Amino acid sequence: MMFEWDWNYTWEILPILGEASLVTLQATLLGFVLAAVLGLAFALLRMSRLVYIRWITTAIIEFIRSTPLLIQIFFLYYVMPEFGLTLDAMTAGILALGVHYACYCSEVYRAGLDNVPKGQWEAAIALNLSPYATLRNVIIPQAIPPVVPALSNYLVALFKETPLLSAIAVLELMQTAKILASESFQYTEPITLVGLYFLVFSLISAALSRQLEAWLNTRHGGSR
Amino acid sequence: MQEKPIQHRLVIVGILSLMAGFAVVTYSSFREFLPELLRGALVTIQVTLGGAMVAVAAALIAAVFKMYGSLFGRWLAIFYIEVFRGTSALVQLFWMFFVLPYFGITLEPFTVGVLALGLNIGAYGAEVIRGAIQSIDKGQWEAATALNLSRMQTLRRIILPQAFVVMIPPWGNLFIELLKGTALVSMITLGDLAFKAQQLNQNTLRTVEIFSLVLIMYLCLAMIITSLMRALERRASRGLVRGRAS
Amino acid sequence: MNQVDNPMVRFENVTKRYGSHTVLDKLDFEVAANEKVAIIGPSGSGKTTLLRMLMTLEEIDDGIIYVDGEPLTHMLDGDRLVPANRKHLSRVRAKIGMVFQHFNLFPHMSAVNNCIVAPLTVLGLSKDAAYERAAELLDMVGLGDKLDHYPGQLSGGQKQRVAIARALAMRPKIMLFDEVTSALDPELVGEVLKVIRKLGDAHDLTLLMVTHEMGFAKEFADRVCFFDQGKIAEQGTPEEIFSAPTNERTIQFLSAVLETG
């Protein structure tokens, strides 16, 4: 067996990778905030009374969902400057992640909105609430809590896609690991460590998500 | 829900006409870049098809082992599913490309791409298959036992044909994810669509046309997958739908 | 009681528990060949569990079940009884057929294919022979014109008749009917009972039915068993049970059922 795990090297690179993982977490959180907000906007636009707005939103979502995130990252990073919008790599990456996952989140929100009983809308009309007040105070507060677990799944999915940012040289975990590896010609340790990092975080968040779901179920008494 | 197919078709028509308009506007670059991009698209299609086969095989094996395997078999299936779902696809790709050689296993980039992406999607597919099989009413198993069918016969003749219909739509989504995932193989030197896009971009700097064209080509491939899966769903559910109609 | 020389089915000291709840309590029970037994009793009294254990859908916690002279849940290893393996279960199970409350037809197969699949794969019949047998049986249950209909295209009564034909296609010696009319609209009950009556006239079948159709049990069964709290509280001919019950619980149950029925 020619394989050998180099512990000295591991201890040497661990702090560097730890620092890079902060960039990964930053991209994850900012990207997800964007996804969550934009996703809700998409979902509401898809409920618009105007047919054209519904269709255009649907088309945009279908388009983004059907094309690779990697190309979208390139698009934002290389193409936007042509239109006078020059973004640094990190910003372009976060934007791409956020917009891409906004499309997934919008489906989740839509399911949540569809699950609010029709009677709630009718009661709001009977109380003469404005459409905005109806959404803000009646519908959305009921629609979102049940779908939080589904949203959190996409948070984890987005997290696992952050290594794509290495393609435009954002110094996140993967890119850092690659640089370390190519400097030392030791690929096993850095790349395996990155894999373990994602695995540990994913398993933890899966457990948390299950707890959240159980908690929501008891809190809402299965009313869904 | 009922208006969904119509809406879907309208969206496709809209996107297609947008694309046609775009093609007319950028006719010259269209002609210039298309041959090279088509060569890339061919690689993308090959990786997608190969990956799909690996994914379905891995998913089926993992699902059956997780549900009906021995303790060791179950443990192995869970390990596979959790590791491939828990780590990122790109990490898996790099790991197989850069680290496996240190174990004495050196694979072609194409093989690495097909294996890594296939195994990644297969881990999600395993849960899809498991969910579909478990969604079949327990009474079906009991009726099969009463008819003295063995467990394998029941699975093959009674349960899987019904579960198959249930799992077509989620597999359609997984195949789209696989197609999108193939763009990652450009990062291990494979000349797919994404790779050609970057190459052409560096050589010509005609960024807008190239990336727009590439996005549209991916969209077309995705729409082909979607329509194929819809056709499959219609075919597979014929008997069941006919039944439900009355 | 009711000791028979060569019982087709024999429960010996059989116990079944779900957690701390005892469903069947040291049950001894025998059915003679070609006997028609109706099992009645309040829900939760263990009557369905009895059928399901006979069909090997439930494991037993204690005791032994014999079918046609050989142990079902156990087998002989030398001269010791050990828990049965799959092969043994399958061999003994071949003598038993079952019809379920909720039909459990295979929805992706036409009526005739529902009746063919097991003879084809388990008995190894040829396609032609299996089809011929299935068509004959479906004709017998009055569905000769519905061979290619899917379960979803059939009424509840028709579905249940397909289920009966499907079970018969395996040529069992014993047929189990588990509340087969309970899920049916009232106007469809008759057609299913008619088919069961027809089976009773053929003299080579042992029938066990759990039922709420007291009228049918009364005129059809050779023997009626009243189950209560995991035990046979009372059994006898239909006349004995329905006209002159002696057990307090039987009297209560029958008066409650007959009042609402």
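Just so we're on the same page: letters track the sequence lines, and every chain starts at 1. Since this is a predicted model, take the numbers as computed values, not measurements. Just so it is clear, the values below take in all heavy atoms, side chains as well, and ignore hydrogens, waters and symmetry mates.
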Over all heavy atoms of both residues, which pair between [X] and [Y] is shortest? Give the atoms and the distance, please.
{"X": "B/A183", "Y": "A/L70", "answer": "O-CD2, 3.3 Å"}
{"X": "B/F211", "Y": "A/F74", "answer": "CE2-CB, 3.5 Å"}
{"X": "A/E82", "Y": "B/L205", "answer": "OE2-O, 4.2 Å"}

Side chains of [X] and [Y]: does their closest heavy-atom pair fall under 4.5 Å?
{"X": "A/S166", "Y": "B/M187", "result": "yes"}
{"X": "B/L193", "Y": "A/P68", "result": "no"}
{"X": "A/Y78", "Y": "B/I210", "result": "no"}
{"X": "A/T67", "Y": "B/V214", "result": "no"}

Is there a donor-acceptor pair closer than 3.5 Å between any side-chain N or O of [X] and the backbone N or O of [Y]?
{"X": "B/K180", "Y": "A/R65", "answer": "yes"}
{"X": "A/K160", "Y": "B/R85", "answer": "yes"}
{"X": "A/S202", "Y": "B/G86", "answer": "yes"}

Which answer fits [X], side chain, backbone, both or neither, if we ask what part of it has an atom under 4.5 Å from a heavy atom of chain B?
{"X": "A/T192", "value": "both"}
{"X": "A/F83", "value": "side chain"}
{"X": "A/L173", "value": "neither"}
{"X": "A/L199", "value": "both"}

Report summary line: The side chain to side chain donor-acceptor pair (under 3.5 Å) partners of B/S212 (sequence neighbours excluded) come to none
To the nearest 0.5 Å, what is the distance between [atom1] on [X] and [atom2] on [Y]?
{"X": "A/S66", "Y": "B/L215", "atom1": "OG", "atom2": "CG", "value": "11.0 Å"}
{"X": "B/L93", "Y": "A/M174", "atom1": "CG", "atom2": "CE", "value": "9.5 Å"}
{"X": "A/E189", "Y": "B/Y102", "atom1": "CD", "atom2": "OH", "value": "8.5 Å"}
{"X": "A/L196", "Y": "B/T87", "atom1": "CG", "atom2": "OG1", "value": "9.0 Å"}
{"X": "A/I191", "Y": "B/W95", "atom1": "CD1", "atom2": "CH2", "value": "9.5 Å"}

Query - Residue, of B/V208, B/T182, B/I176, that accumulates the most heavy atom pairs under 4.5 Å with chain A - result: B/V208
Report summary line: Checked B/N201, B/L90, B/V83, B/I225 vs chain A; the most non-hydrogen pairs under 4.5 Å come from B/L90
Query raised in the report: Does atom CZ of B/F65 have more than 12 heavy-atom neighbours, drawn from other residues, nucleotides or ligands, at distances under 6.0 Å?
Result: no
Query raised in the report: Should the heavy atoms of other residues, nucleotides or ligands under 6.0 Å from CD of A/E19 be counted, would the total exceed 12?
Result: no
Report summary line: Note: vs chain B, highest number of non-hydrogen pairs under 4.5 angstrom among A/V156, A/V194, A/L164 is A/L164
Chain A contact via [X] - side chain, backbone, both or neither, heavy atoms under 4.5 Å:
{"X": "B/Y124", "result": "side chain"}
{"X": "B/Q198", "result": "side chain"}
{"X": "B/L219", "result": "both"}

Query raised in the report: Applying a criterion of heavy atom separation less than 4.5 Å, what residues of residues 28-35 of chain A form contacts with chain B?
Result: none
Query - Inter-chain contacts: residues 85-96 of chain A against chain B, heavy atoms under 4.5 Å - result: none
Report task. Can you label the angle between the B/F98 ring and the A/Y187 ring as parallel, tilted or perpendicular, going by 30° and 60°? Result -> parallel
Report summary line: Hits for ring-ring contact (aromatic ring centres under 6.0 Å, His included) against A/Y77, two or more places apart or cross-chain, chain-then-number order -> none
